[in-house]
Structures are given as structure tokens and as C-alpha cells.
Protein chains: 2
Amino acid sequence: MGTTGKALELLDLFTRVRPQVGLSDIARLSGVNKATCHRLMTELQAYGLVEQVEPTREYRIGPAVLRLAALREETVPYKSIVQPVLAEVTERTGESAHVSMLVGGRVELISFAYALRHGTRVILHDAETLPFHATSSGLAILAHAGPVLQKEVLGRPLPALTPQTETDPVRIRARLEAIRVQGYAESVGAFEHDVHSIAAPVFASQGDCIAALAIAAPATRVTPELRDEMIAAALKGADDLTLKWGGRPPERAALTPIAAY
Amino acid sequence: MGTTGKALELLDLFTRVRPQVGLSDIARLSGVNKATCHRLMTELQAYGLVEQVEPTREYRIGPAVLRLAALREETVPYKSIVQPVLAEVTERTGESAHVSMLVGGRVELISFAYALRHGTRVILHDAETLPFHATSSGLAILAHAGPVLQKEVLGRPLPALTPQTETDPVRIRARLEAIRVQGYAESVGAFEHDVHSIAAPVFASQGDCIAALAIAAPATRVTPELRDEMIAAALKGADDLTLKWGGRPPERAALTPIAAY
DNA sequence: ACCGATGGTTCAAATAATGAACCGACGGCT
DNA sequence: AGCCGTCGGTTCATTATTTGAACCATCGGT
């Protein structure tokens, strides 16, 4: 990776729980020399990707991203396309839904819609990065990803977020195969306890999977009927997105009848 | 400037009117060698700051900015702070208002609110970069900026966007002085014909001017009374922002009475 | 079949990035 | 007060990366 990549990776140190980071911390957390960090941060700062907040001189994400995001949304009206689809899905199932994208080798939450029907909901935050192996979205995307990404993801340590998290790469590989066959991914309590989620892949124009639409509900609420409904809604929503996104939804003719069987 | 800076500058080639650019164009527009461009774009792409759209393989702003923007908004709720202030300003004056920020040496439109009262409005787009010398926002910011930025901005060519645009650096310098004294900047038809705008500076916690709040109206509609109202509203709104932003609004005690006089 | 454009690649030469050591300043401690 | 650790930031010789002219393969139009 080049210098630019290293600089950009420093941006990943800023998270919701750690929105501001000092120079020394940046060096420690990233493992990069402090002088180098300083130079890189200065460069990011010059463009406005980060800014320094007085008086501690800690860094945080800068205002330039606002302009870029506005420009992105203007060129690719992602959110505006995604929102109505999500709205329909939540309306139909009564459960919360969200869309996450594969960006920079990570699964990132792009947009979500809460169901209003129930008091208990699955709460997610914007700008969150999801683990591949412990979420239905991650699994759905990984199942349709190239072998390179699969190997890389399954090669690194897979933390168990709950007792239900599957952490064995071999067993996950088998699940990915199943996911490809059935067209959707399922995760029960693997990310957070008592969360049952179903995710279906969204494909770009070239047929590569770049996102997933997921529906999540409290596990205790998921009856077989609701589960069927969630699966159908996820597949439908994902295909909607694929279409609006300019891709061609996969043939599910052979699958859907079986599911309905 | 280092490599990272050059890479980030390539992002500026993407605008609303030119949302997608091919590799050769990038090289031409930026003046950077094509091979270098390719490497830099590849690096930006790896992080998701840009993406390639098939089948032309043109580049465009990537999805990573969405996550960053969400994170930014979570850490610094800029827009959510700005919106109510803008709403109040437009409510009070009946004219459109917007806030622009100084980021990376440019004036960028961050947020805006349209007035609903009139049919004719001043239309601006999100993610727009404003010229320093031809907008009240730009002038307000420049007037309170450091000498380095002033010199740099006034040193480069100042295009005349309308016949009313002031392009003489010396005369602009004089205006900046006046703007500092009176506390607000005014621009009549200098950016677009028939647009009269008033802007007041917003200060950060360290006393440096980092943004401006502007009110824009069709010039033909601006009576002396409306103009006074616009000035008062801009100053008030800007000071509000400065406060909520954690800064200390400048003393205007000596000024406001004079305006009301 | 040609032409000119495209996106992308190669490799020696030039340039920029790197990191250990250092600096001054600040903020608890004792 | 005085000390100690840490902070953000800087220096400069060493090193590794970036750079760019030339080069491919491919595509679309004539």
C-alpha cells in the first residue's frame, strides 16, 4: 500500500466511541511512527478530511467530508433510492431493516429504517462497520464476494461477539455455500443476543455483490410465519435495489417456489 | 505538498457538472502524469473515496464518504445546529439563507434554507464551492482570515462572474477593511445578476473565522428596510452560530446602535 | 483495416517518505 | 518548588516510494 492508503487508514481510527484522537494515540493505535503520523495528519488536515480541535489539539473528522458526501449523493442518489425500499420493507414486515455496503473491504451501514410497530427494536447506528462473520449482511455479501476477499476475511481472527457466533472458518465456508444456494443469509444471535436477522445480496451492474439488505427482529418475536415473510421481503427488497441500482437481479424462479412450498 | 495531498486534490476534479471523469481526463485536468493518476486513483479507490463505474471505467466519488460524513455529523452536529438557525433567519427575513465554511482554503456551502414566502428565490446547490471575491460569504470569511490566505486568494486571478464583480485586488483589500469594521459583507450582483446578499462571519472557539452565514435575495426586492433587516438577521444568526459552536461572538455593541440609528 | 482515443502497465531515475532522537510545554505528583 | 511523564511537534540522514516517458491491449468510429 502506498502513502496515501496509509494516510486514509488513519481515518479509521476515528469511531463513534472515539471521535477525537491525539497525535500520540494515533501513532500508538496505528503502529505508525509519530513523525509520519503527524505529517500524514497535516496533509489530511490541509484538505479538510480531519481538523484539530483546540485546546487539546486532538484530531477529528473534518468538514470536507460533508461536501464530498453531498456530491456523492448528488451523483449517486444512494440514500434517496434506498430509503423508499427500506420503508416498504419495514412497512411489510413490521421490523427494522437496513442496507449495508461493501466499501474498502468492510461492510458499512449505509442507511436504515426503524419499524414503528413494536416497542422493542433492533437499534443500529449510522456509520457503523459490521463484522463479516457475525451478521447476516456480512455473510450475504461475503458469500457472493470473490475468493480473494473470502480468503482474506476468513484468514483473520474471527471474534465471538456472542456465544452463538460461529468462528470456525471451515464451517463458515460451508454456510456461505448454503447462502448462495438459498439466496439469503440468516443470523440468529451471532452479532447481538436475541437478534434474528435475514439478509439478501444486492448486485451492481456488473453482477458483483456490493451491498446487502437486511431485516432484523428480536429473536423471540420471530415465528416461522414472520421468518418466511422476512425472507421474502429481504429478497424482494434486495432485488428492487439491484434493479434501481442498474443491476440484474439473480434468477430466483427455482428458489422462491421452494420457499413457499 | 506530499503525495497524499496530490491524491486528495484529484477529488476536486469531480463536480456537480462533471460527476464522472475518466483516467485520461483526470491526467489532463490535473496536469499530473497519467501513470501517477492511475496509481493515486487506485489508492483512493481502495479506501472507497472513489469508485469506478462500468463499463466506461470512469471514476466518481465513492461510498466511503457517506460513512465519514455520518461520523462527522455524529461528532460535530454541524448541520443539525445550523438548520434551526437558518430556519429562524429565513423565517424572520422571508429570504433564503445559507451557511458556508472555510475548508481546505475554499469556501464551501454547507447548508441552506429556502424562503417559502416568495416565488422567486435564490437557488444554490449543496456541495458548491464559492468564489471568495464575488460572494458576500467569501468576502466575510476573507476579511477575517489570516494575511496568508488573503494574500494567496487575492494573488490568483479573480474572474468577473458578472459585470458587477469587483476584480481589483487593491479595491477588494479596502472592502475587506470596511467589512471588518461594519461586521458584515455585502454583495450586489457580483456572483449572479440580480442577487443581493449579506453575510456575517462565524467564529470558532479560538476566535478564527471559519464560516459565514449569508442571506440572499433578488436585488430588485431589496428595499432599504429589508436590507436593514437582512443585516440584523445575518449578524444575529452568525453570532448564534458562533455561540452554539463554542466560540465567543465579537463585540458589536458599538455597531448595532449605529445601524439602527 | 485503420486511426485515434481509451484504461492500464513497465522500470530506471528522481524524489519523497520514514523514524530515532530531540525539543519545549504542559500537568500532575511528591 | 522541582521532578517526571506525556503531550504535540520538529529535525535530518537513511531509505523506500513515487514519478513519468514509453509502451500495451482494447475499443469505437471512419
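Quick note on labels: first sequence line is chain A, next is B, and so on, each numbered from 1.
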**Message:** Rounded to whole Å, please give me the gap between CG in B/Leu44 and P in D/dT18.
**Reply:** 12 Å
**Asked** Can you tell if the side chain of A/Asp25 reaches within under 4.5 Å of the side chain of A/Glu58, non-hydrogen atoms only?
**Response** no
**Asked** Where along residues 31-43 of chain A does a heavy atom fall under 4.0 Å from DNA chain D?
**Response** A/Lys34, A/Ala35, A/His38
**Request:** Assess the side chains of A/Gln20 and B/Thr75: does a donor N or O sit below 3.5 Å from an acceptor N or O?
**Result:** no
**Message:** Taking any atom closer than 4.0 angstrom to a non-hydrogen atom of chain A, what span of DNA chain C does the protein reach, first nucleotide to last?
**Reply:** C/dA17 to C/dA20
**Message:** For the CD atom of A/Gln52 and the OG1 atom of A/Thr42, what is their distance to the nearest 0.5 Å?
**Reply:** 7.0 Å
**Prompt:** Hey, does A/Gln52 reach any base, or is it just sugar-phosphate, or nothing, if we go heavy atoms under 4.0 Å?
**Reply:** sugar-phosphate
**Message:** Side chains of A/Gln150 and A/Leu176, heavy atoms from C-beta outward: is any pair under 4.5 Å?
**Reply:** yes
**Item:** Test item: A/Arg175 and A/His133 side chains (from C-beta on) under 4.5 Å apart, heavy atoms
**Value:** no
**Asked** Does A/Arg18 count as lying over the ring of A/Tyr59, i.e. NZ or CZ under 6.0 Å from the six-ring centre, within 45 degrees of the axis?
**Response** no
**Message:** Can you measure A/Met1 atom CE to D/dT17 atom P for me and round it to whole angstrom units?
**Reply:** 11 Å
**Message:** Check the phosphate of D/dG8 against A/Thr56, side-chain N and O only, distance under 4.0 Å to OP1 or OP2. Yes or no?
**Reply:** no
**Message:** Holding to salt bridge (Lys or Arg N to Asp or Glu O under 4.0 Å), I want the full list of residues that pass it with B/Glu9, two or more places apart in sequence or in another chain.
**Reply:** none
**Asked** Do A/Ile141 and A/Met101 have side chains that get closer than 4.5 Å, going by heavy atoms?
**Response** no
**Prompt:** Taking only side-chain nitrogens and oxygens of A/Ser24, does any of them come within less than 4.0 Å of OP1 or OP2 of D/dT6?
**Reply:** no
**Fill in**
Judged by nearest nucleotide, the residue sitting upstream toward the 5' end of DNA chain D, A/Arg28 or B/Gly2, is A/Arg28
